[in-house]
Amino acid sequence: VNVLSESMENIISIGETILVNMGEAPVLLFIGNTVFFKPLPLILFILISALVCTAVFAFISKHYIGIVTASHSSSNKKYKAVKSEKKSLTSALTRKELSRFFSSATYMLNGGIGLIFSLGISIFILIKKSMISELVEGLELTASPVELIAPIMISVLIMMQSMNMISASALSLEGKSFWIPKSMPVTAREALLSKSLAQTVITLPVCLVSAVLLAIASGADFKYFVMFILITLASNVFFALLGLALNVAFPKFSFTNEAEVVKQSMPVFLTMTLQFILSVAIIVLNFVTAMFSAGFIGTLITLVLLSALSVGFYFVLTGPCARKYESIDI
């Protein structure tokens with residue numbers, strides 16, 4: 001009790017000191033006296049507050065209807081007729097798939113993780129390209145540095161792109177609402193192609209940037225630069241078709257959250273495994289051919305292989321997979 005009493009006395013003494021110093025400013029002195037509950041300033045403060053509130057209330061009561069129903073004049077706008085372009089069903093369905101991807105953090109992180117690695121590693125290699133060139137020159141091989149570095153860089157690019165598995169869960173994510181797209185006037189071919197096209201639209205721009213960065217880092221000449229671009233196109237198309245084909249073969253419509261489909265489903269596991277095996281095989285192929293001064297032949301074989309697989313899986317997707325899609329009933 002004594003400590004509390006002493007504290008209150010100290011506060012009051014400090015407040016009185018402040019009031020004395022504020023005496024030079026009448027407004028501050030009035031506010032200070034009101035805070036310390038001086039009778040006259042406190043009564044005056046209450047009367048002023050009540051007077052202001054009464055005046056505001058009277059003004060609003062009198063002019064309320066006018067304020068609410070007030071109409072503000074606006075300048076006449078001139079409307080210009082424009083021609084609206086008709087969008088295809090595939091384009092509309094692709095936009096729907098893109099919207100689903102960018103609205104789910106789980107889907108983006110697990111389905112497009114390869115994009116982060118692709119861009120990040122490409123930038124790192126570009127910064128450290130001098131170190132890579134010195135390492136290759138230290139091997140004292142008969143092949144030129146470009147003939148060795150460029151094929152290996154292309155293989156690394158494919159490995160990073162193989163981590164993208166967006167289409168591998170695109171069909172399963174329809175879930176219990178799968179009957180909605182099935183009831184729409186859309187063919188199975190259009191529905192499936194839109195899902196694979198969505199992955200290509202998402203991954204291709206970033207992968208092309210990575211391809212250009214790696215081409216610059218490897219010192220690629222024109223022929224290798226073209227191979228960087230063409231192989232990137234072929235690998236993105238193939239991975240999109242492969243993932244969706246496996247998803248149609250092993251759909252998973254019953255789940256409690258998206259993570260089960262995107263991370264733990266059979267199509268995702270098979271897609272990740274097959275794409276990894278293919279990437280390792282391409283790395284071995286390009287490394288061996290580069291060691292024997294035939295790096296361009298290795299990249300050419302890679303391009304032909306990925307292009308053939310893309311064409312083959314396109315027909316698989318529009319044939320057997322389309323028929324399986326039509327037969328699915330949940």
Side-chain angles (χ1 to χ4, degrees), residues 88-98 100-101 107 110-112 114 157-175 178-179 181-182 184-204 207 230-253 261-262 264-282 285 300-330:
S88 65
L89 286 174
T90 304
S91 175
L93 292 172
T94 302
R95 289 198 301 272
K96 180 181 77 71
E97 295 297 326
L98 294 175
R100 171 184 292 167
F101 176 79
Y107 195 11
N110 292 276
L157 182 63
I158 295 173
M159 173 64 78
M160 293 185 291
Q161 292 170 5
S162 69
M163 298 180 188
N164 298 318
M165 296 169 289
I166 299 172
S167 63
S169 54
L171 181 64
S172 298
L173 287 175
E174 298 287 354
F178 178 67
W179 64 272
K182 283 290 293 291
M184 297 172 61
V186 179
T187 63
R189 177 180 176 276
E190 291 172 328
L192 293 176
L193 287 179
S194 66
K195 293 182 182 297
S196 62
L197 183 60
Q199 172 170 329
T200 306
V201 170
I202 294 168
T203 60
L204 189 57
C207 292
L230 294 180
I231 289 177
T232 299
L233 290 170
S235 60
N236 273 270
V237 171
F238 169 63
F239 291 148
L241 294 172
L242 173 64
L244 185 58
L246 292 173
N247 195 188
V248 175
F250 305 98
K252 179 182 176 64
F253 295 110
V261 178
V262 178
Q264 305 169 1
S265 62
M266 179 65 72
V268 172
F269 172 75
L270 292 176
T271 302
M272 178 177 61
T273 303
L274 292 177
Q275 291 182 171
F276 177 77
I277 293 173
L278 178 63
S279 301
V280 172
I282 291 174
L285 169 66
L300 188 60
I301 294 173
T302 301
L303 177 61
V304 173
L305 175 63
L306 291 173
S307 299
L309 289 172
S310 299
V311 173
F313 270 86
Y314 171 81
F315 287 108
V316 170
L317 195 68
T318 56
C321 289
R323 291 191 289 272
K324 173 71 180 296
Y325 178 90
E326 293 174 348
S327 65
I328 296 175
D329 187 17
I330 62 172

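Nothing fancy with the numbering, it's 1 onward along the sequence. Given the structure is predicted, the values throughout are model-derived calculations rather than measurements.
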If you take all heavy atoms of M165 and N110, which pair is closest and at what distance?
CE-O, 4.4 Å

Rounded to the nearest 0.5 angstrom, the CD1-CD1 distance for I158 and I282 is 4.0 Å

Heavy-atom closest pair, residues A170 and N247
N-OD1, 3.3 Å

Between N164 and I202, is the side-chain contact (heavy atoms from CB on, under 4.5 Å) condition met? List the steps.
CA-CA 10 Å; N164 298 318; I202 294 168; over 6 Å; no

Evaluation steps, side-chain contact (heavy atoms from CB on, under 4.5 Å), between L309 and L241
CA-CA 9 Å; L309 289 172; L241 294 172; over 6 Å; no

As an exercise, state the distance from CD of Q161 to CZ of F238, rounded to the nearest 0.5 Å.
12.5 Å

Worked verdict on L192 versus V248 for side-chain contact (heavy atoms from CB on, under 4.5 Å):
CA-CA 9 Å; L192 293 176; V248 175; 3.8 Å; yes

I'd like to know whether CE of M272 has more than 12 heavy-atom contacts from other residues, nucleotides or ligands below 6.0 angstrom.
yes

Could you check whether any side-chain N or O of E97 sits under 3.5 Å from a backbone N or O of A198, counting only pairs where one atom can act as donor and the other as acceptor?
no

Shortest non-hydrogen contact between I328 and P251, atoms and distance
CD1-CG, 4.3 Å

Are more than 12 heavy atoms, taken from residues, nucleotides or ligands other than F253, located less than 6.0 Å from that residue's CZ atom?
yes

Any V262 side-chain heavy atom under 4.5 Å of V268 side chain
no

I would like to know whether T200 and N236 meet side chain to side chain donor-acceptor pair (under 3.5 Å); could you show each step before the answer?
CA-CA 6 Å; T200 306; N236 273 270; over 6 Å; no

Give the minimum heavy-atom separation between A191 and L93, together with the two atoms involved.
CA-CD1, 4.0 Å

Inspect the contact between K96 and E190 and indicate whether a charged nitrogen and a carboxylate oxygen are less than 4.0 angstrom apart.
no

Looking at S307 and V304, would you say the former's side chain and the latter's main chain have a donor-acceptor pair under 3.5 Å?
no

If you define the side chain from C-beta out and look only at heavy atoms, does anything of L193 sit under 4.5 Å from Y314?
yes

Can you check side-chain contact (heavy atoms from CB on, under 4.5 Å) on Y107 and S169, steps first, answer last?
CA-CA 9 Å; Y107 195 11; S169 54; 3.5 Å; yes

Considering all heavy atoms, the nearest K195-L244 contact:
CB-CD2, 3.9 Å

How far does CD1 of I166 sit from CZ of F239, to the nearest 0.5 angstrom?
13.0 Å

I'd like to know if R323 pairs up with E326 as an ion pair, taking the criterion as any Lys NZ or Arg NE/NH1/NH2 lying under 4.0 Å from an Asp or Glu carboxylate oxygen.
no

Note, L278 side chain near L305 side chain (heavy atom, < 4.5 Å):
yes

Working for ring-ring contact (aromatic ring centres under 6.0 Å, His included), residues Y325 and F178:
CA-CA 11 Å; Y325 178 90; F178 178 67; 5.4 Å; yes

dist S162:OG -> L274:CG (nearest 0.5 Å) comes out at 11.0 Å

To the nearest 0.5 Å, tell me how far L270 CG sits from Q275 CD.
11.0 Å

Locate the shortest heavy-atom distance separating P267 from A168; write the atom from each residue and the value.
CB-O, 3.4 Å

The reported gap from CG in L171 to OG in S196 (rounded to nearest 0.5 angstrom) is 12.0 Å

